[in-house]
Every structure is written in C-alpha cells, then in structure tokens.
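In what follows, a structure is listed as structure tokens, so that the remarks can point back to it.
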Amino acid sequence: MPELPEVETIVRDLRPHLLGRQIRQVVHINPQILRHPGAAQFGEAVPGRTVDGVLRRGKFIHVMLGRPERLVVHLGMSGTLILQPSEDLARPHTHLRLLLDSGLELRYRDPRRFGRVTFGPEEQLIAVGSLPVLGAEPLARAFPPCSVEAALERSGRSVKAVLLDQRVIAGCGNIYADEACFLARVRPTRRASQLTKVERDRLLRALPIVMRDAIRRRGTSFSDYRDGFGAKGEAFESLFVYGRSGYACVRCGSTLRRARVAGRTTVYCMRCQS
DNA sequence: CCCCTATCCTGAGGGC
DNA sequence: TGCCCTCAGGATAGGG
C-alpha cells in the first residue's frame, strides 16, 4: 500500500511533468471516488487550469491548480497516479483522466476504490472533513517535534497504534511502522507511555531513516504500488520484517513472528524487540 | 479516551 | 483447469 515513501516517489516523479502544464480536458471522472464539496464544480472548474504546484502532505497528493483550489488525491490501498500518453489504452478501474497540454494524461486508477479524490481550497476541504488535520511530517528537519514525543509519553495505546495515527505522525502506515520498530528494537505491542526516553528517541530516529531508505529505492511494491510512470519500487527486498513472518531475523537469525496489533498484521522479532 | 469490529472493494493465492 | 474461500488493509463510523 502506498505510504509516505511511495507517495513521495510519485510526487517527485510527477512534479516536473505537471508544473506549468495546463489541463485541457477532464476525459473521464468516476463520481464515486470524488468527495464533496468539490464534486459538483470539478468538471467545469478544472479545464483551463494550470498546475502551479505538486506536493505531498502525509499520504495525500496535492496538485495545486491556481489559488485557492487544489486537487487532492489519497491512493488508499491500491491507488496509482500515473502519467501516460493519451493514446495509450486506459486500464480498467481508471477513475480519473486529465488530459494535459503536453499530450500526456494524468490517470488515477484504483481497483479497490479505497482511495479518494477531492477538489477545492484547502481550508474548505478541512472544514467539511474531506481533508483531515494531519500530524508531524517524518521528513521535516524538526522531526520529531515535542508534540510527537508528548503523544507517545502520554498514550496508553500500543506503540504501533500511535505510529499509525495520522493525527500524530502523518504518512506512516503498516510497513514502515513495523520497520521503524525493528530498527529501534522496540516491540510494537508495548504501551507507548512505558517506553524509556532512550527507546522513544531510538524509535523516532528510526522512522525517518527507514522512510528515506525506501524513497531511495523508489518505494515498496509488493502488490499494487507503482511510481508516477507505472514502474515498481525496489524497497520490498530490503525490508527487515514486513512480509517476512516465518523467515529469519536479519539481525539475530531467530524466526520472525506475526501478530495482530492495533487491528493490523504486525511482524517483529521476539528476541531483538523486547 | 481506548479498543475492537464492520464497512468499503478487488485480486491474489491456496486448497481441492 | 477452474472454482470457491480467505485474506490483505487505510480510513472511518459505531458499539462496548
């Protein structure tokens, strides 16, 4: 599933091809994936707009379309946002097709339809609940801010649950939560408030490390994820624990265990992660 | 506040 | 070969 590193890879791929480009036509839009309030205006407001920014916030992709409106995409589980020549046949489950003046089409495809697209000024989207208020950015220079440390100190939830909470940390999903816990040698089932300061620091230092490493490898593709051009990422082979239940721990060799934590499949090493 | 579960949804993979 | 079943999970809503 696309998490921060995958979404960041897509944004970096798309940005140079979208900046300064004009959207000529909304070729196709599936209303089911378009969240209000942007749904009604979308088809009329978007053609003729020029892209003047492409950015990531958590797992959301913001395509700025002249102030104040923007197109915001969340890829959910199986979403892809890909640039293709307009003459290429669109694959099934393509829910949005935007024709650019470069002759390329920006295509949003999502077989499982867990993803969403919305359109409007950011404040308005937040006000109506189409965009959630997100927590700290793991790639920011100032990470981790006091707010994240405080959230961990305060919370009686599991470490895993706090890492997955987008209101605390934006962009962390199941893969990188497990990877960060492994690197920090913290068991994901631990109560967040019971971590020592040393463990907490190690965990919060580990998160940007595993994420930057995954970005370097252009993201983790184990099923649906593709970059901005439709290619797979290479990070899956380098993961410590995710998807490796039953295999040997890369650090100590003991068999990695699988458990259900905070409603998610969680893989960790019994020996390394105390 | 916190947890769990159901919901949305399709494709992959195992069993037979 | 092919069918059926299960499972995967990000976000959210609702119940305990």
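Because the structure is a prediction, the values reported are computed rather than measured. Below, chain A is the first sequence line, B the second, and so on; all start at residue 1.
Between A:Ser78 and B:dC9 there is no side-chain N or O to OP1 or OP2 distance below 4.0 Å. Between A:Arg113 and B:dT7 there is no side-chain N or O to OP1 or OP2 distance below 4.0 Å. Remark: A:His93 is in phosphate contact with B:dG11, judged by side-chain N or O atoms under 4.0 Å from OP1 or OP2. Put simply, A:Thr265 has a side-chain N or O that comes within less than 4.0 Å of OP1 or OP2 on C:dG9.
At whole-Å resolution of the value, CZ in A:Arg91 and P in B:dT10 are 15 Å apart. Atom CG of A:Asp110 and atom C1' of C:dA8 are 14 Å apart (whole Å). In this structure, the CG atom of A:Leu4 is 12 Å from the P atom of C:dA11, given to the nearest Å. At whole-Å resolution of the value, NZ in A:Lys59 and C1' in C:dT12 are 13 Å apart. To the nearest angstrom, P of C:dA11 lies 11 Å from CG of A:Asn174. One atom, CZ of A:Arg154, and another, C1' of B:dC2, lie 14 Å apart when rounded to the nearest Å. Look at CZ on A:Arg57: it is 13 Å from P on C:dA11, rounded to the nearest Å. A straight line from CG of A:Asn30 to C1' of B:dT10 spans 15 Å, rounded to a whole angstrom.
Side-chain contact check for A:Arg116 and A:His74: no donor-acceptor pair (N or O, by modelled atom type) lies under 3.5 Å. For the residue pair A:Arg154 / A:Ser193, no side-chain donor-acceptor distance below 3.5 Å is found, with atom types taken as modelled. A donor-acceptor contact closer than 3.5 angstrom links the side chains of A:Ser78 and A:Asp110. Defined by atom type and a distance below 3.5 Å, a donor-acceptor pair is missing between the side-chain atoms of A:Thr50 and A:Arg21.
Each of A:Arg107, A:Arg109, A:Arg113 was scored for a side chain to side chain contact (heavy atoms under 4.5 Å, CB included) with A:His95, with one residue passing: A:Arg113.
Distances were taken from every side-chain heavy atom of A:Gln166 (C-beta onward) to each of C:dA8, C:dA11, B:dT10; the shortest belongs to C:dA11. Of the candidates B:dG11, B:dC3, C:dG9, the closest approach to any side-chain atom of A:Arg157 belongs to B:dC3. Proximity note for A:Phe114 (side chain, C-beta onward) versus B:dC9, B:dC3, B:dT10: the nearest is B:dC9. If you check C:dA11, B:dT10, B:dC2 against the side chain of A:Pro111, the one that comes closest is B:dT10. In this structure, of B:dT10, C:dG9, C:dA11, it is C:dG9 that holds the atom nearest to the side chain of A:Tyr242.
Contacts of A:Arg258 with the nucleic acid, taken as non-hydrogen atoms under 4.0 Å apart, involve only primed sugar atoms and P, OP1 or OP2. Heavy atoms of A:Arg264 sit under 4.0 angstrom from at least one base atom.
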